[in-house]
Amino acid sequence: MDDEELGAVRTYPLYEERYLLLTPRDGELAGRERVRWAEVATVPLCLLGQQMRNRRILDGFFADAGTSVVPAIETDTVSGLYAHVASRRWSSVISHAWLHMFGVPPGMRVVPLENLAQPPQIGLVMADRDPEPILARALLEVTPQVDVRGVLERVLAGFLAPAP
């Protein structure tokens, strides 16, 4: 919701984005409980392209850590990113929300990245106008009934739990 190009809108927060290193199980950082952004910049990465908002956010976090990143592969879709990392030749930085749909490919592991001072807020964004569109109003009425934050945290916990 912090996109600099949003303009006159109303925002409704849903959750804070958390980032993970998606890496091969035998990768150099796979055995860690948490990794630093500067460490992640040293491994072969597949990331979304710089035209994507997610990538611009990640580039900012790498810069805050005093480093920059040059990915081995760039793609313009999350599904494309997952297809590349499933080969277990590259790692990626992913949002914890992606786990809900894409999970963790076989032979890969997720490792939390160091905490951010101000994680990005993800939510609904609606043009600031009256009257509100009927469908937008209906979505805003049902949204409080869904615990998006809680669902995503439970999914993440399942992937971070030790294997039986």
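Not measured: the values here are computed from a predicted model. All residue numbers in this chain count up from 1 along the given sequence.
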Do you see a donor-acceptor pair shorter than 3.5 Å between the side chains of Tyr19 and Glu17?
-> yes
Keeping to residues at least two apart or across chains, list the salt bridge (charged side-chain N to carboxylate O under 4.0 Å, His left out) pairs with something in residues 116-139.
-> Arg10-Asp128, Arg10-Asp130, Arg10-Glu132, Glu132-Arg137
Just wondering, are more than 12 heavy atoms of other shown residues or ligands nearer than 6.0 Å to CD in Gln51?
-> yes
Could you walk me through whether Gln50 and Glu74 pass side chain to side chain contact (heavy atoms under 4.5 Å, CB included), step by step?
-> CA-CA 8 Å; Gln50 290 182 318; Glu74 290 185 344; 4.3 Å; yes
Please check if the side chain of Ser95 supplies one atom and the backbone of Ala97 the other of a donor-acceptor pair under 3.5 Å.
-> yes
Distance-only check: which donor-acceptor pairs under 3.5 Å involve side-chain atoms of residues 62-72, not counting sequence neighbours?
none

Arg25 (side chain) donor-acceptor with Gly107 (main chain) under 3.5 angstrom = no
Cluster link Met126 to Val146, ILVMFWY, side chain under 4.5 Å | yes
Quick one: side chains of residues 149-160, donor-acceptor pairs under 3.5 Å with protein atoms, not counting sequence neighbours, listed by atom name and distance.
{"residue": "Arg149", "atom": "NE", "partner": "Glu16", "partner atom": "OE1", "Å": "3.3"}
{"residue": "Arg149", "atom": "NH2", "partner": "Glu16", "partner atom": "OE1", "Å": "3.3"}
{"residue": "Arg149", "atom": "NH2", "partner": "Glu16", "partner atom": "OE2", "Å": "2.7"}
{"residue": "Glu153", "atom": "OE1", "partner": "Arg18", "partner atom": "NH1", "Å": "2.5"}
{"residue": "Glu153", "atom": "OE2", "partner": "Arg18", "partner atom": "NH1", "Å": "3.1"}
{"residue": "Arg154", "atom": "NH1", "partner": "Gly150", "partner atom": "O", "Å": "3.3"}

Hey, could you give me each pair passing ring pair (Phe, Tyr, Trp, His ring centres under 6.0 Å) that has a residue in residues 100-126? Not counting sequence neighbours.
-> Tyr82-Phe102
Heavy atoms of Val85 and Ser92 approach each other most closely as CG1-CB, 3.8 Å
How far apart are the C-alpha atoms of Leu124 and Thr143, what are their side-chain angles, what is the distance that settles it, and do they pass the side chain to side chain contact (heavy atoms under 4.5 Å, CB included) test?
-> CA-CA 9 Å; Leu124 301 175; Thr143 298; 3.5 Å; yes
Would you call Pro24 and Ser91 a side-chain contact if the rule is heavy atoms closer than 4.5 Å?
-> yes
Single-linkage hydrophobic cluster, 4.5 Å side-chain cutoff, Ile94 and Val40 together | no
Does any pair with a residue in residues 120-149 pass ring pair (Phe, Tyr, Trp, His ring centres under 6.0 Å), and if so which ones, sequence neighbours excluded?
-> none
Residue pair Val104, Leu22: steps toward the side chain to side chain contact (heavy atoms under 4.5 Å, CB included) verdict | CA-CA 8 Å; Val104 175; Leu22 178 60; 3.9 Å; yes
Report the C-alpha separation of Tyr12 and Leu139 in whole Å, then their side-chain angles, then the decisive distance to 0.1 Å, and conclude whether the side chain to side chain contact (heavy atoms under 4.5 Å, CB included) test is met.
-> CA-CA 11 Å; Tyr12 303 87; Leu139 178 61; over 6 Å; no
Can you measure from CG (Leu47) to CG (Asn54) and round to the nearest 0.5 angstrom?
-> 8.5 Å
Would Leu140 end up clustered with Val125 when hydrophobic side chains under 4.5 Å apart are linked, directly or stepwise?
-> no
Quick one: side chains of residues 112-120, donor-acceptor pairs under 3.5 Å with protein atoms, not counting sequence neighbours, listed by atom name and distance.
{"residue": "Glu114", "atom": "OE2", "partner": "Trp37", "partner atom": "N", "Å": "3.2"}
{"residue": "Asn115", "atom": "OD1", "partner": "Arg34", "partner atom": "NH1", "Å": "3.4"}

Heavy-atom nearest pair, Gln145 first then Glu141, reads NE2-O, 3.7 Å
Leu81 reachable from Val93 in the ILVMFWY side-chain graph, under 4.5 Å edges | no
Distance (rounded to the nearest 0.5 Å) between Glu39 CD and Leu21 CG | 9.5 Å
May I ask whether Ile57 and Ile122 are part of the same hydrophobic cluster, defined by side-chain heavy atoms of I, L, V, M, F, W, Y residues being less than 4.5 angstrom apart, directly or through others?
-> no
Atom CG of Leu48 and atom CZ of Arg53: how far apart are they, to the nearest 0.5 Å?
-> 13.0 Å
Report the distance from atom OG1 of Thr23 to atom CE of Met108, rounding to the nearest 0.5 Å.
-> 5.5 Å
With side chains defined as the heavy atoms from C-beta onward, is the minimum distance between Trp90 and Ile73 less than 4.5 Å?
-> yes
